[in-house]
Amino acid sequence: MESTFIIAFKEVLREQFIEQNTVEIDGLGQFEVKHREQHQKKFESGKVVLMPPADVVEFKSNIKYSHED
Amino acid sequence: MKIDKQKLVELLVEKTRMEEEEVRSQLDQLIERIIGAAKRGKALEIREFGLFYFDESGELKFDPSDELSTEISFKYAGMKPVELKPERDTSFPEAEEDDLEDFDFLSDINSDDSNVYPGTEEEKGVFADQEKPAEKKKSIPLKSSKFQAKKRSGSILWVFAAILVVAALVLAYLYFIGSLATTTQQPSPAVTQVEPEALNDMSEDDQSSSAGESNDVQPSETENQGQESETPEAEIEIESSVEPPEDIIPSDPAEPARETEVSSEEQPLYGLQGSVMEEANNGYSIVLHSFPEEANARTAAEELTRQGYRTIVNSRTVANRTMWRVSVGQFETLQDAQTATQNLPAPYNTQNFIQRIQIN
């Protein structure tokens with residue numbers, strides 16, 4: 001596999017994510033950028049932290065694999 | 001918008017300038033390698049992109065890399081988790097007050113209980129009920145005295161607070177008067193920008209009459225202000241969320257400009273200041289402005305270049321809208337760029353984001 005292809009693949013997907021586009025690749029899965037609101041997170045120690053908002057990539061795939069196979 | 005495999009192949013063809021068939025073949029190979037590695041129980045990492053693996057339930061998962069996460073969430077770059085104080089339990093103070101009342105130290109001092117035989121456990125059990133009413137009686141006068149003491153300390157606090165407020169108001173008034181006096185004494189920055197010819201005129205007028213001085217200065221001041229309002233600076237302030245106030249930008253651009261001249265001969269490949277190196281365009285840059293109009297971006301870039309920064313202007317289409325980004329510096333890694341943001345003047349040091357360098 002050519003490294004130029006891998007570099008281009010990363011760049012194209014990154015650009016699409018920045019533009020909030022969903023990328024669906026047959027045989028692999030779907031990448032989607034979701035906005036996560038700021039929220040409070042409570043740790044076991046009792047410490048409460050206000051997490052900042054963020055845009056995150058979510059990946060969903062229909063491909064399932066059984067480790068027993 | 002949704003990008004399917006066909007559209008992705010088209011974009012990859014455009015990017016790589018390879019044949020469509022070849023791109024398709026490369027993409028299929030990549031998918032096979034990802035799934036093949038995952039099936040072997042291994043995770044396949046694409047550097048600076050992310051990690052593909054099968055989790056315990058047998059689902060294909062993807063963990064984006066830190067670099068990808070930062071670039072996608074660039075709008076919130078610099079925002080860090082904030083620790084919150086736990087909410088105060090309002091039921092506590094009452095309990096504390098009761099505890100204090102039980103600890104009746106006055107009665108402890110007045111009575112000789114400390115020397116009294118404490119008694120066995122059985123005796124305590126017998127007399128416990130008899131002793132309780134007496135304890136309650138003692139606590140009543142203490143409560144009232146405490147209340148009075150609290151009231152007294154409260155009123156003292158109020159008086160103290162009032163004195164502080166009055167003192168603060170007096171100081172603020174004095175500061176206001178002082179600042180008024182200094183502004184009237186010192187010449188305004190606009191006056192210093194008057195051309196030498198105008199200054200000569202002013203000095204001539206000074207000789208003729210001191211009363212005419214202010215009259216001569218005023219028109220030149222208003223002229224300058226008029227010129228400033230015509231420049232695109234005013235527009236930049238409205239359109240750009242990261243444009244700093246004028247007083248924050250280093251007012252003396254001569255020094256950085258000199259640095260540029262010196263460093264352009266032997267400047268390193270990557271860095272914040274100097275001139276843009278074509279060989280360093282494979283790295284990262286810190287975006288300080290984003291404009292819908294190219295002219296405004298160019299004006300902002302000129303100002304940053306004048307301050308000695310390596311300045312890059314490029315366009316990006318975000319949500320079907322072309323934005324002109326003005327970025328500074330060329331850095332080999334994302335971390336280097338993040339570190340360099342700390343060397344920028346406020347508010348650039350907090351209002352920025354990092355992107356891969358793209359030259360249009």
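These figures come from a predicted structure and were not determined experimentally. Lettering follows sequence order; numbering is per chain, from 1.
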Please classify the contact between [X] and chain A as side chain, backbone, both or neither, with a heavy-atom cut-off of under 4.5 Å.
| X | result |
| --- | --- |
| B:Ile72 | both |
| B:Ile34 | side chain |
| B:Ile35 | side chain |
| B:Glu22 | side chain |
| B:Val23 | both |

Open item on the list: Given heavy-atom pairs under 4.5 angstrom as the criterion, report whether the side chain, backbone, both or neither of A:Glu15 touches chain B.
Closed with: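 When you check distances to chain B, only side chain atoms of A:Glu15 fall under 4.5 Å.
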Task: Which portion of A:Gln38 sits near chain B, non-hydrogen atoms under 4.5 angstrom - done: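 Contact with chain B involves no heavy atom of A:Gln38 at all.
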Task: A:Glu24 vs B:Lys5, salt bridge (charged side-chain N to carboxylate O under 4.0 Å, His left out): CA-CA, chis, key distance, verdict - done: CA-CA 6 Å; A:Glu24 189 170 3; B:Lys5 198 171 178 178; over 6 Å; no
Task: Straight-line distance of A:Ile6 CD1 to B:Phe49 CZ, nearest 0.5 Å - done: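 Going from CD1 on A:Ile6 over to CZ on B:Phe49, the span is 10.0 Å.
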- [ ] Supply the atom-to-atom distance A:Arg36 CZ to B:Tyr76 OH, rounded to the nearest 0.5 angstrom.
- [x]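 Result: 10.5 Å between the selected atoms.
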Task: For chain B, the option from A:Ala8, A:Gly27, A:Pro53, A:Gly29 that forms the most heavy-atom pairs under 4.5 Å - done: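 The residue among A:Ala8, A:Gly27, A:Pro53, A:Gly29 with the greatest pair count is A:Pro53.
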- [ ] Would you name the heavy atoms of B:Ile3 and A:Asn21 that are closest together and state the gap between them?
- [x]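 Looking at all heavy atoms of both residues, the closest pair is CG1-CB, 4.1 Å.
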TODO: Might you point out which heavy atoms bring B:Ser73 and A:Ala54 nearest each other, and give the distance in Å?
DONE: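 Heavy atoms only, the tightest pair is OG-CA, 3.4 Å.
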- [ ] Decide yes or no for B:Glu59 and A:Lys60: does some side-chain heavy atom of the first lie under 4.5 Å from some side-chain heavy atom of the second?
- [x]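 B:Glu59 does not reach A:Lys60 side chain to side chain.
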